Amino acid sequence: MSILITGGAGYIGSHTVVELQNAGYSVVVVDNFSNSFPEALRRVEKITGKRVPFYKADIRDRSAMEEIFRKEKFECCIHFAGFKAVGQSVTAPWEYYDNNINGTLALIDVMRKYRTKNMIFSSSATVYGKPAFVPITEDCPKGKIVNPYGRTKSMQEEILADIQKADPEWNVILLRYFNPIGAHISGLIGESPVGIPGNLVPYIAQVAVRRLEKLLIYGNDYHTRDGTGIRDYIHVSDLAVGHVKALEAVRQNPGLEIYNLGTGKGYSVLEVVRCFEQVSGVPIPCQVVSRRPGDIAVCYADAGKAERELKWKTTRSLADMCLDSWRWQLGNPNGYHDACS
Ligand SMILES: NC(=O)c1ccc[n+]([C@@H]2O[C@H](COP(=O)([O-])OP(=O)(O)OC[C@H]3O[C@@H](n4cnc5c(N)ncnc54)[C@H](O)[C@@H]3O)[C@@H](O)[C@H]2O)c1
Ligand SMILES: O=c1ccn([C@@H]2O[C@H](COP(=O)(O)OP(=O)(O)O[C@H]3O[C@H](CO)[C@@H](O)[C@H](O)[C@H]3O)[C@@H](O)[C@H]2O)c(=O)[nH]1
């Protein structure tokens with residue numbers, strides 16, 4: 001029996017494949033490469049020394065998915081596939097609802113037909129909206145979500161919870177990620193954004209290699225220790241290990257469970273910039289501009305439930321995250337694009 005990894009060539013998926021293979025699991029990746037490259041999987045193979053079987057397919061394509069399910073035997077699906085850019089979701093909402101919602105519905109339909117009823121789903125801290133309190137526990141009420149991407153995540157959670165309620169043979173773990181950054185320590189795999197990065201650390205990394213002139217800091221008038229936004233940055237390899245632990249838990253028939261995957265610590269934009277400067281030795285020019293619409297002041301996890309129940313906690317520091325992002329950026333200034341041109 002293998003583990004189906006949808007979106008396994010992407011940023012978080014590829015790091016998770018590494019940790020799953022290192023833990024002895026056999027995986028099969030399905031990805032349409034709409035936001036990734038097969039090169040990522042070749043590099044995973046270099047890291048683990050194991051072959052990564054994959055199918056190029058769109059999870060909305062039922063006949064392609066059925067063909068895969070007829071050939072393979074899956075015990076569980078870890079479902080990463082989907083679109084994730086907040087800004088793009090505002091300008092292309094139809095594409096986001098179609099890919100994220102229809103994709104998940106089609107996947108669930110094929111899974112139930114072939115009696116694979118264990119699912120680990122990539123959700124996000126974005127479902128808490130402006131959180132009612134910090135550190136955020138899983139009981140924190142969902143908040144008002146201000147963009148279509150976030151709404152698709154919240155809807156997918158609800159769809160999966162309803163499916164599990166209606167058919168208790170399903171086991172569903174919803175993982176709410178905080179802010180994944182960093183890259184595998186080898187420098188072989190990492191985040192490969194298309195165009196100008198929308199997220200903080202990939203943007204800083206491109207300023208550091210002088211592809212971008214300066215970092216725009218979105219507001220220094222928040223009620224935080226230095227006025228800039230605070231987030232819970234988590235190393236992508238720690239996050240990936242969280243999936244291995246969730247997989248162990250899903251095999252114990254938990255029904256429906258939700259876990260925050262974060263470090264429990266919040267860092268401000270200025271603290272991240274200073275840390276990146278320290279580990280890289282490169283000054284990062286910055287300019288403070290007005291707040292970005294939709295941003296919140298503070299967001300960090302109470303990661304206690306995952307620690308107690310999944311026996312998982314993060315091991316890497318902010319300096320590790322910045323150093324690993326820097327190593328990946330230096331070795332792959334254009335992400336995977338160079339390897340594919
Ligand atoms: N990166 C983050 O900050 C973050 C935070 C919270 C949640 N998430 C969620 O985690 C998941 C993975 O995120 P990521 O950062 O690795 O993104 P990513 O874009 O790097 O990976 C997603 C992968 O899914 C593939 N894909 C997209 N639509 C598909 C479809 N219809 N059929 C098959 N493959 C498809 C893409 O080609 C890509 O390889 C996403 O669901 C995302 O919403 C990400
Ligand atoms: O060029 C930039 C980019 C970001 N920021 C600030 O940096 C912080 C982090 O921003 P970003 O890296 O864009 O992350 P978030 O806005 O927190 O959102 C990320 O983290 C969420 C989970 O917490 C996911 O749901 C989202 O998909 C993902 O983009 C915020 O205070 C931003 O205002 C800047 O000042 N300048």
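Remember, it's 1-based here, ligands and their atoms both numbered in the order they're listed. Note that this is a predicted model, so its numbers are computed, not measured.
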Under the side-chain contact (heavy atoms from CB on, under 4.5 Å) test against Leu310, which residue among Lys305, Glu257, Lys245 passes? Lys245
Could you check whether Lys265 pairs with Glu271 (Lys NZ or Arg NE/NH1/NH2 to Asp/Glu carboxylate O, under 4.0 Å)? no
Report the relative orientation of the aromatic rings in Phe121 and His79; use parallel for angles under 30°, tilted for 30 to 60°, perpendicular for over 60°. tilted
Tyr25 ring center within less than 6.0 Å of His243 ring center: no
Can you pull every nitrogen or oxygen pair between ligand 1 and the protein closer than 3.5 angstrom?
{"unit_1": "ligand 1", "atom_1": "15 (O)", "unit_2": "Lys84", "atom_2": "NZ", "d": "2.8"}
{"unit_1": "ligand 1", "atom_1": "16 (O)", "unit_2": "Tyr11", "atom_2": "N", "d": "3.2"}
{"unit_1": "ligand 1", "atom_1": "16 (O)", "unit_2": "Ile12", "atom_2": "N", "d": "2.8"}
{"unit_1": "ligand 1", "atom_1": "19 (O)", "unit_2": "Asn35", "atom_2": "ND2", "d": "2.7"}
{"unit_1": "ligand 1", "atom_1": "20 (O)", "unit_2": "Tyr11", "atom_2": "N", "d": "2.9"}
{"unit_1": "ligand 1", "atom_1": "26 (N)", "unit_2": "Asn32", "atom_2": "OD1", "d": "3.4"}
{"unit_1": "ligand 1", "atom_1": "28 (N)", "unit_2": "Asn99", "atom_2": "ND2", "d": "3.0"}
{"unit_1": "ligand 1", "atom_1": "31 (N)", "unit_2": "Asp58", "atom_2": "OD1", "d": "3.1"}
{"unit_1": "ligand 1", "atom_1": "31 (N)", "unit_2": "Asn99", "atom_2": "OD1", "d": "2.7"}
{"unit_1": "ligand 1", "atom_1": "32 (N)", "unit_2": "Ile59", "atom_2": "N", "d": "3.0"}
{"unit_1": "ligand 1", "atom_1": "34 (N)", "unit_2": "Asn32", "atom_2": "N", "d": "3.1"}
{"unit_1": "ligand 1", "atom_1": "34 (N)", "unit_2": "Asn32", "atom_2": "OD1", "d": "3.2"}
{"unit_1": "ligand 1", "atom_1": "37 (O)", "unit_2": "Asp31", "atom_2": "OD1", "d": "2.7"}
{"unit_1": "ligand 1", "atom_1": "37 (O)", "unit_2": "Ser34", "atom_2": "N", "d": "3.0"}
{"unit_1": "ligand 1", "atom_1": "37 (O)", "unit_2": "Ser34", "atom_2": "OG", "d": "3.4"}
{"unit_1": "ligand 1", "atom_1": "37 (O)", "unit_2": "Asn35", "atom_2": "N", "d": "2.9"}
{"unit_1": "ligand 1", "atom_1": "37 (O)", "unit_2": "Ser36", "atom_2": "OG", "d": "3.2"}
{"unit_1": "ligand 1", "atom_1": "39 (O)", "unit_2": "Gly10", "atom_2": "N", "d": "3.3"}
{"unit_1": "ligand 1", "atom_1": "39 (O)", "unit_2": "Asp31", "atom_2": "OD1", "d": "3.2"}
{"unit_1": "ligand 1", "atom_1": "39 (O)", "unit_2": "Asp31", "atom_2": "OD2", "d": "2.6"}
{"unit_1": "ligand 1", "atom_1": "39 (O)", "unit_2": "Ser36", "atom_2": "OG", "d": "2.7"}
{"unit_1": "ligand 1", "atom_1": "41 (O)", "unit_2": "Phe80", "atom_2": "O", "d": "2.9"}
{"unit_1": "ligand 1", "atom_1": "41 (O)", "unit_2": "Lys153", "atom_2": "NZ", "d": "2.9"}
{"unit_1": "ligand 1", "atom_1": "43 (O)", "unit_2": "Tyr149", "atom_2": "OH", "d": "2.8"}
{"unit_1": "ligand 1", "atom_1": "43 (O)", "unit_2": "Lys153", "atom_2": "NZ", "d": "3.1"}

Flag, side chain of Ser2 to backbone of Val27, donor-acceptor distance under 3.5 Å: no
Within ligand 2, which atoms have a heavy atom of Phe178 less than 4.0 Å away? 22 (C), 23 (O)
Contact between ligand 2 and Tyr128 is defined here as a heavy atom of the residue under 4.0 Å from a ligand atom; is it met? no
Would the distance check show the side chain of Lys50 and the main-chain N or O of Val18 forming a donor-acceptor pair, the cut-off being under 3.5 Å? no
Logged contact type for Tyr300 with ligand 2, heavy-atom cut-off 4.0 Å, is neither
Could you tell me whether Arg62 and Asp109 have a side-chain N and a carboxylate O separated by less than 4.0 Å? yes
Nearest protein heavy atom to atom 33 (O) of ligand 2, by residue and atom, and its distance? Asp295 OD2, 2.5 Å
Taking the six-membered ring for Trp and the single ring otherwise, decide whether the centroids of Phe54 and Phe33 are under 6.0 Å apart. yes
With heavy atoms of Tyr149 as the reference, note each atom of ligand 2 found under 4.0 Å away. 25 (O), 27 (O)
Nearest protein heavy atom to atom 8 (C) of ligand 2, by residue and atom, and its distance? Tyr233 OH, 3.6 Å
Under a 4.0 angstrom heavy-atom cut-off, which atoms of ligand 2 come close to Leu215? 1 (O), 36 (N)
According to a hydrophobic-cluster definition based on side-chain heavy atoms being under 4.5 Å apart (Ile, Leu, Val, Met, Phe, Trp, Tyr only), do Leu4 and Ile159 belong together? yes
Assess the side chains of Tyr55 and Glu72: does a donor N or O sit below 3.5 Å from an acceptor N or O? yes
Could you check whether atom NZ of Lys313 has more than 12 heavy atoms from other residues, nucleotides or ligands sitting under 6.0 Å from it? no
Salt bridge Glu191-Lys84, side-chain N to carboxylate O under 4.0 Å: yes
Would you mind listing which atoms of ligand 2 come within a distance below 4.0 Å of any non-hydrogen atom of Gly198? 3 (C), 13 (O)
Taking the minimum heavy-atom distance to atom 28 (C) of ligand 2, which of Asn199, Ile217, Ile196 ranks first? Asn199
Provide, to 0.1 Å, the distance between atom 6 (C) of ligand 2 and the closest protein heavy atom, together with that atom's residue and name. Val269 CG2, 3.7 Å
In ligand 2, which numbered atoms sit nearer than 4.0 Å to a non-hydrogen atom of Gly229? 31 (O)
Heavy-atom proximity to atom 36 (N) of ligand 2, picking from Ile145, Leu200, Leu216, Asn179, points to Leu216
If only side-chain N and O atoms count, and only distance matters, is there a donor-acceptor pair under 3.5 Å linking Gln88 with Tyr149? no
Is the shortest distance from a Lys or Arg side-chain nitrogen in Arg70 or Glu66 to a carboxylate oxygen in the other one below 4.0 Å? yes
Just to confirm my output: which protein heavy-atom neighbour is closest to atom 5 (N) of ligand 2, and how far is it? Tyr218 CD1, 3.6 Å
Under 4.0 Å from a heavy atom of Thr126: give me the atoms of ligand 2 that qualify, with their elements. 25 (O)
Going by heavy-atom distance to atom 17 (O) of ligand 2, choose the closest among Arg231, Arg176, Arg292, Lys214. Arg231
Within a distance under 4.0 Å of any heavy atom of Ser124, pick out the atoms of ligand 2 and give their elements. 22 (C), 24 (C), 25 (O)
Note: ligand 2 atoms sitting under 4.0 Å from heavy atoms of Ala125 are 23 (O)
